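Down below is the structure, laid out as structure tokens.
For clarity, every value in this text was computed on a predicted model and none was experimentally measured. Protein chains get the first letters and strands the later ones, always in sequence-line order, with residue 1 at the start of each.
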4 protein chains.
Amino acid sequence: MPRPVDPQRYRARRLVIIDAGLTAFAEHGYAGATTAVICRAAGIGSGTFFHYFPTKDALLVAILEHGTGETREFFEQSADAPDPRRVIFDYVEHAVSGLRDPRAAGFISVVGGLTHRPEIARALRADDEAARFGLRSNVRAAQRDRSVRTDMDAERLAEWILLLLDGFAGRVAASDDFVAERETRTLNEQVASLLGN
Amino acid sequence: MPRPVDPQRYRARRLVIIDAGLTAFAEHGYAGATTAVICRAAGIGSGTFFHYFPTKDALLVAILEHGTGETREFFEQSADAPDPRRVIFDYVEHAVSGLRDPRAAGFISVVGGLTHRPEIARALRADDEAARFGLRSNVRAAQRDRSVRTDMDAERLAEWILLLLDGFAGRVAASDDFVAERETRTLNEQVASLLGN
Amino acid sequence: MPRPVDPQRYRARRLVIIDAGLTAFAEHGYAGATTAVICRAAGIGSGTFFHYFPTKDALLVAILEHGTGETREFFEQSADAPDPRRVIFDYVEHAVSGLRDPRAAGFISVVGGLTHRPEIARALRADDEAARFGLRSNVRAAQRDRSVRTDMDAERLAEWILLLLDGFAGRVAASDDFVAERETRTLNEQVASLLGN
Amino acid sequence: MPRPVDPQRYRARRLVIIDAGLTAFAEHGYAGATTAVICRAAGIGSGTFFHYFPTKDALLVAILEHGTGETREFFEQSADAPDPRRVIFDYVEHAVSGLRDPRAAGFISVVGGLTHRPEIARALRADDEAARFGLRSNVRAAQRDRSVRTDMDAERLAEWILLLLDGFAGRVAASDDFVAERETRTLNEQVASLLGN
DNA sequence: AATGAATGAGGATTCATTCAT
DNA sequence: AATGAATGAATCCTCATTCAT
């Protein structure tokens, strides 16, 4: 009598590992986060790890995809928002609030140095693309209704917003004095100055 | 009869290794740049490598310190410049021009993920500190002569300039469409908007 | 309420696994035939596998014993045959016809390299012994009625017949050009030359 | 001052490892001969092993190629021999004498079960081919001068000689009672009966 | 100083086997 | 009986580093 596969349980466990991975990568870097460390953090045996993820890289990719999914969701939910300029700022807000998880910034800088692992590079590009796509659409819409400057094309403005967000995350990771909360206002100003009005 | 050390030759060879290291780290990431790879690139044997650097990390630190030195030099040479606001923009220019070396951006993102190796973290902090110190001094001076806004303190402004520079480097590394040359003007605008006037 | 064990069903399933094992071992070698591969081929879960066989080795042993059983059966059925020389040639025929199953030769060479697993070695020896015993008896009988040379003792002649059969199987496995069908005649000649008359 | 590479030393050490590998494979089978076991037998560290052979398979291949080389050499040295039939029997002698090394037969049966590792399969085919080629040439020559039957083509006769040799080796490995020395005469008889005259 | 052979600690991954359901 | 998730021992292999020459 086959035990019915319990996808609930499966996904829960998977999330536990993803979470442990996020912690471990952020805390110890990619090399330092050995599968042993991750397994210990997740409370599982090494065999179990590879039951859920075929490789260590795959775990990292899963973490990234998690983020990519959230980004896509965010923009899908804002698809019909009346004020695209507003959506852009909401996304900025959203991105910064992601940094409230103290592991996020660390993870981002770790993963940025892994462009040489092809799988990870792919996931990284997908992540970037998702954010760029969402931003670009909204920038374009905002340009149409003249709430954003039109002398720079939407793609470049999107890149620049990401530049600010990535730089912001980098600073959070690099400097103890740079506290997300306190700097959000300046970030908004920078984005505003970028988008013009 | 010990051959007298020829410091000329010594330093030259050291530079060759540093250069090979920069290439290798940028091209293959930290893990992918094995000492074997670096040695091959430098045209030396592995034994020789460890004559010049006690560890692989030490090479990375040396590369970083090279950059830190340049930063310090830059600000020292501008110490008595009459227009500190100008110096800030010159530094931005200087930093961007560093990205003309196609390895630079790659190296930066690689090294950003290595905060967990203590030696490297130290060097990274020193590098950051050098730039921040130089910028802060000039921001402060510029604030004194009212060419920079005074409603944000110098330290934070310095951090924000670095945020823009790091974000910029990150974009250069991440996106083929983001070409340093073409984006410099926008960068200057953003810095200007940051500093007010 | 324990479902009454259905021995019919049990044996059938066991045979399915044995068959899958034969296929897998022949196709992928001992190491390549992981229990997962075998289970997939047999259409069962891994847990089920270990209901039927306590270890992977035990499956291999069962396959071997299957063959050993057939060998014993063959010689039992020929026990009272009037012409023992004939029985020997029939056995050769029988052995060659076993090679019609394209998995047989592959399996034989795989299993030959596993003398170091004690269980398997035991089964292998038993298999060898069964064939040797059957052959030896018939050789001896044939010697008695002078239809086989008497200047070599029965044991050695039996070994030499096995030598020819094993070599034959090995060639079938090793060389695509060596087709059992076409070579049977030569095999019979060699056996004849061995036994004299 | 580069220590001059000492190819003497290199080859010697390589041979030590090859020898240890032969012992280990023959004694423990492929799986049982872990790299650790081989290294211990060779008196080297695991790192050293992989300095000489990129993989465990490569060591096995090297052992095989060693044999292949000997085979080729044998036939090259006999290239201009006046009596090709004699050469064939000399080769049989040569092959049997190789079995005096008690590890040889064990190694052969182990390696026969590894056809699924592509590198090994390739080496195995090359080995087979070398022997077949040498035999075939001599069979053909012998057929020309009528010292070997002509009703079977040279290729098939070569295969049959190998069949006898492989079967012989298999018996030596399988049965303690089957001693190479004592059985050589019968082997020669079988080959003679095969070749006719 | 320069070399590269030698080392072995450490890491990712595999897989037979167990066991709760 | 049947399942497959969970396990961890065991394996191959990598690579920074040492050291005799």
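C:Ile44 places none of its side-chain heavy atoms less than 4.5 Å from the side chain of C:Tyr52. Counting only heavy atoms from C-beta outward, the side chains of A:Leu60 and A:Phe53 never approach each other to under 4.5 Å. Considering only heavy atoms from C-beta on, A:Phe107 stays 4.5 Å or farther from A:Asp101 through its side chain. By the 4.5 Å heavy-atom criterion applied to side chains, B:Leu15 and B:Asp19 are not counted as neighbours.
In this structure, CD1 of B:Ile17 is placed 13 Å from C1' of E:dT3, rounded to the nearest angstrom. Nucleotide F:dC15 holds its P atom 21 Å from the CZ atom of B:Phe53, rounded to whole Å. Atom C1' of nucleotide E:dG11 and atom NE2 of A:His28 are separated by 15 Å, given to the nearest angstrom. Per the geometry, CZ belonging to B:Phe25 stands 13 Å off P belonging to F:dC15, to the nearest Å. The distance between atom CZ of D:Arg14 and atom C1' of E:dA5, rounded to the nearest whole Å, is 15 Å. Atom CD of B:Gln8 is separated from atom C1' of E:dA1 by 17 Å (rounded to the nearest Å). Spacing between atom CZ of C:Arg117 and atom C1' of E:dA16 amounts to 10 Å, rounded to whole angstrom units. Between A:Arg40 atom CZ and E:dA12 atom P there is a gap of 11 Å when expressed in whole angstrom units.
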Polar atoms only, N or O, under 3.5 Å: list the protein pairs with nucleotides 13-15 of chain E and their distances.
unit_1, atom_1, unit_2, atom_2, d
E:dT13, OP2, A:Lys56, N, 2.9

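From B:Arg40, atom CZ reaches atom OG1 of B:Thr34 across 6.5 Å, with rounding to the nearest 0.5 Å.
Residues C:Ala24 and C:Ile38 share a closest heavy-atom pair of CB-CG1, 3.8 Å. Of all the heavy atoms in A:Val110 and A:Gly29, the pair that sits closest is CG2-CA, 3.9 Å.
A salt bridge does not link A:Asp57 to A:Arg122: none of the charged nitrogens lies less than 4.0 Å from a carboxylate oxygen.
Of the possible polar contacts, none joining the D:His116 side chain to the D:Ala121 backbone as a donor-acceptor pair under 3.5 Å is found.
Here A:Arg13 does not reach the OP1 or OP2 of F:dG4: none of its side-chain N or O atoms lies under 4.0 Å away. Side-chain nitrogen and oxygen atoms of A:Arg9 include at least one within less than 4.0 Å of the OP1 or OP2 phosphate oxygen of F:dA6. In this model, the phosphate group of F:dA2 is approached by a side-chain N or O of C:Tyr52 to a distance below 4.0 Å at OP1 or OP2.
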For DNA chain E, the dot-bracket notation using Watson-Crick and G-U wobble pairs below 3.5 Å, [ ] for pseudoknot-type crossings and | for other-strand pairs, is .||||||||||||||||||||
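In this structure, A:Tyr30 and B:Ile44 both approach DNA chain E, and ranking their closest nucleotides by distance from the 5' end singles out B:Ile44.
Side chain B:His51 to base E:dA1: no donor-acceptor pair is found below 3.5 Å.
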